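Taking it in order: structure first as C-alpha cells, then the write-up.
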Amino acid sequence: MADPKGFLTTGREVAETRPVGERVKDWNEVYVPGSLLPIISKQAGRCMDCGIPFCHNGCPLGNLIPEWNDYAYREDWSAASERLHATNNFPEFTGRLCPAPCESACVLGINQPAVTIKNVEVSIIDKAWGNGDVTPQPPERLSGKTVAVIGSGPAGLAAAQQLTRAGHTVAVYERADRIGGLLRYGIPEFKMEKSHINRRIEQMRAEGTKFRTETEIGRDIDAAKLRRRYDAVVIAAGATVSRDLPVPGRELNGVHFAMEYLPLANKVQEGDLTVSPITAEGKHVVVIGGGDTGADCVGTAHRQGALSVTQLEIMPRPGEDRNANQPWPTFPMLYKVTSAHEEGGERVYSVSTTHFEGDENGDVQALHLIEVEFKDGKLEQKPGTERSIPAQLVTLAMGFTGTDQANGLVQQFGLELDERGNVARDADYATNVGGVFVAGDAGRGQSLIVWAIAEGRSAARGVDRFLTGASALPAPIRPTDRALTV
C-alpha cells in the first residue's frame, strides 16, 4: 500500500490548465506542461489499496491501478510503467482521452472525491517516455503467419501490436493518409497532440508492424482478394457512419457532420492545409449533440474565432451528483464541464431542432428549435416554446450508427451483421467468414477508447489461437461484456 493515511490526509488535485485567453490562441494541449509531477506522487498515495479494487471492474482493460499507484507514490517510474503496460498498449492515449470509468468505480469515491487515476496514468507514461523506458519489443521468432488489420484506430493498433509481438507478420491498412484513425483526425490537437501517436507508430514499426496508408479495403483492394493474401484478417474499421438529422433545411450549405468538420481542422495542424475549408471564423456556430464529439467541435470553433458557440442537447441537463438510480460503482451521467466548455459558449438542454433556415444563396443562417420534455417515458414537444437562433455553421455531433457499408467491405467479405448493424462475431471475435475477425466499434458499436483497446487485445488472442492452435496473449473482455452502467 502506498500511503496508509493518504486518502485521509490528502485532498484531490488535478492537472492545471493553461489560462483560457492563452490556450484558445493555439492548438497545444490545454494542460500546463509538467504541472502534474510535483503533486502526482501524493495523489497516487490516496489509493486505498482496497480489498476488492472496483476500479478494475470499471476499466475494461483490467488495469492494475493499485499496483502502479503504489509505484508512482514511491516514484519508481520504471516499475510503474511496466505495470501500466502490462494491460494497456497505449496509456498516453487513454490517460488523455478516456472519461475514466475507473474513477467512477473507485472505492474512495463512495464518499470522497475519487483518486485521480487518469492523471496518475498519464504522468507515469510521460515519465516513461522521458526516461527511455518505452522501447520496441520485437518478437524473438517469427511464426511465418501473416495478418492484415483493417483500420488504424485504437482497436486496430492494439491488435496489430499484440499480434506482431506474438511473432506474426502484420500489415495495417488505413484509408486516410496517416495512421491513427479517429485518434488522428477525430480528436483535436488541444486534447491530444499527435506527437503521441507518431512515436507509438515508430515503436510499432521498429517491432515489425507494417503500415499501408491511403488504401481502403473494399474500394482500392477487394476484400475477398485481401483474405486470400493473408492467413487472417482483423476488421477494426470503426463505426464511422454519422447519425444524421433529417429535418427541413438539412441540405443547406454550412450544415456538416462533426466528422466532416474536425478532420479538416486537424489537417491544418498537420500542415496539409493553410486554412480549413470549413471554418468557424466570424460565424455563429451551433453544435448539435452534447457528448465529447460535440465538445471537440466547441473547442475547435473557439480556436477558429467563432462569433458565438451554442451547443444543443435533446436530453435534460444532468445533475452534478449521482442520481439514486445510478449508484456507485456504475458510470453516472453527470454534468461535465470540459476544457472546451470552460472557454465559453452556451449550452442549451431539452431542445430539439425543427428546421434550418437559409438565405438566397442556400447558406444556413438560423436554426429553429423547440423545447422538449419527457412524458410517460416519451419525448414530447412543448407548444409555444419555438424560437430561432443565429447559425452560420452547424455541426452534427449526435453519434454514430454503425460501420461503413458503402465501400463494399461488408458485402465483399460476405459478413453477417447483428440486429444493430454491427459486424457479428463469436466468443473469439471471429466472424462468419473463416479467418476474419472483428474488433472495436465495428463489432461493438460506438464506444470508448478503453473498450477499443481492450477489444483489440482480446481479438488478437482469438487470431493467435486460430493461427497457432493456442495463445498466451491476454483477453481482458468478451465480445458480450458491457460497461458498468445501469
Side-chain angles (χ1 to χ4, degrees), residues 11-40 43 92-100 103 113 116 118-123 126 183 185-196 258 261-270 275-276 278-313 317-320 334-349 389-395 397:
R12 177 181 168 107
E13 290 185 77
V14 297
E16 181 184 355
T17 55
R18 296 187 291 134
V20 168
E22 172 189 321
R23 69 189 195 226
V24 296
K25 295 177 182 177
D26 61 44
W27 293 81
N28 300 328
E29 289 183 7
V30 301
Y31 297 105
V32 175
S35 64
L36 277 174
L37 283 180
I39 66 170
I40 207 61
Q43 289 302 302
E92 64 269 45
F93 302 166
T94 53
R96 287 172 167 82
L97 304 176
C98 181
E103 294 187 18
T116 55
K118 182 174 167 180
N119 280 183
V120 176
E121 178 181 26
V122 80
S123 299
D126 285 355
L183 292 172
Y185 286 129
I187 302 297
E189 193 87 357
F190 60 83
K191 282 183 68 174
M192 186 179 75
E193 295 172 9
K194 302 307 175 275
S195 58
H196 301 297
Y261 174 60
L262 294 173
L264 292 171
N266 280 1
K267 279 186 169 291
V268 173
Q269 302 311 307
E270 295 280 7
V275 178
S276 172
I278 306 174
T279 180
E281 183 178 4
K283 296 177 182 177
H284 296 288
V285 178
V286 178
V287 178
I288 302 179
D292 287 339
T293 303
D296 293 344
C297 292
V298 170
T300 298
H302 289 319
R303 283 157 181 78
Q304 290 180 338
L307 283 179
S308 68
V309 183
T310 305
Q311 187 176 18
L312 307 182
E313 170 59 58
R317 172 177 163 163
E320 298 186 12
L334 299 177
Y335 180 70
K336 183 168 66 172
V337 179
T338 70
S339 64
H341 297 127
E342 292 173 350
E343 294 160 3
E346 183 182 4
R347 303 166 78 177
V348 183
Y349 290 88
I389 57 176
Q392 294 156 326
L393 172 63
V394 178
T395 60

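We count residues from 1, following the sequence as given. Because the structure is a prediction, the values reported are computed rather than measured.
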Passing candidate, side-chain contact (heavy atoms from CB on, under 4.5 Å) with T310, options V285, V298, V348, I288: V348
Hey, are the side chains of H341 and K336 touching, using non-hydrogen atoms and a 4.5 Å cut-off? no
Spatial distance of atom OG1 (T395) from atom CD1 (I278) [nearest 0.5 Å]: 10.0 Å
Rounding to 0.5 Å, atoms CZ (F93) and CD (E121) come to a distance of 11.5 Å
Does a side-chain heavy-atom distance below 4.5 Å link K191 with D296? yes
Using every non-hydrogen atom in the two residues, find where L393 and K283 come nearest and quote the distance to one decimal. CB-CD, 4.2 Å
Atom of Y261, atom of A280 and distance for their closest heavy-atom approach: OH-CB, 3.8 Å
Considering all heavy atoms of both residues, which atom of Q304 and which atom of A265 are nearest to each other, and what is their separation? NE2-CB, 3.9 Å
What is the distance from atom CZ of R96 to atom OH of Y31, rounded to the nearest 0.5 Å? 10.0 Å
Testing E189, E29, E342, E16 one by one against R23 for a salt bridge (Lys or Arg N to Asp or Glu O under 4.0 Å), which residue passes? E342
Atom CG of L307 and atom CD of E281: how far apart are they, to the nearest 0.5 Å? 9.5 Å
d(L312 CG, I389 CD1) to nearest 0.5 Å is 5.0 Å
Lys NZ or Arg CZ of R317 over Y335 ring: under 6.0 Å, within 45°: yes
Which atom names give the shortest non-hydrogen contact between L183 and L97, and what distance separates them? CD2-CD1, 3.6 Å
OG1 of T116 to CZ of R12, rounded to nearest 0.5 Å, is 6.0 Å
Could you tell me which residues satisfy side chain to side chain contact (heavy atoms under 4.5 Å, CB included) with E313, sequence neighbours excluded, listed by chain and number? M315, Y349
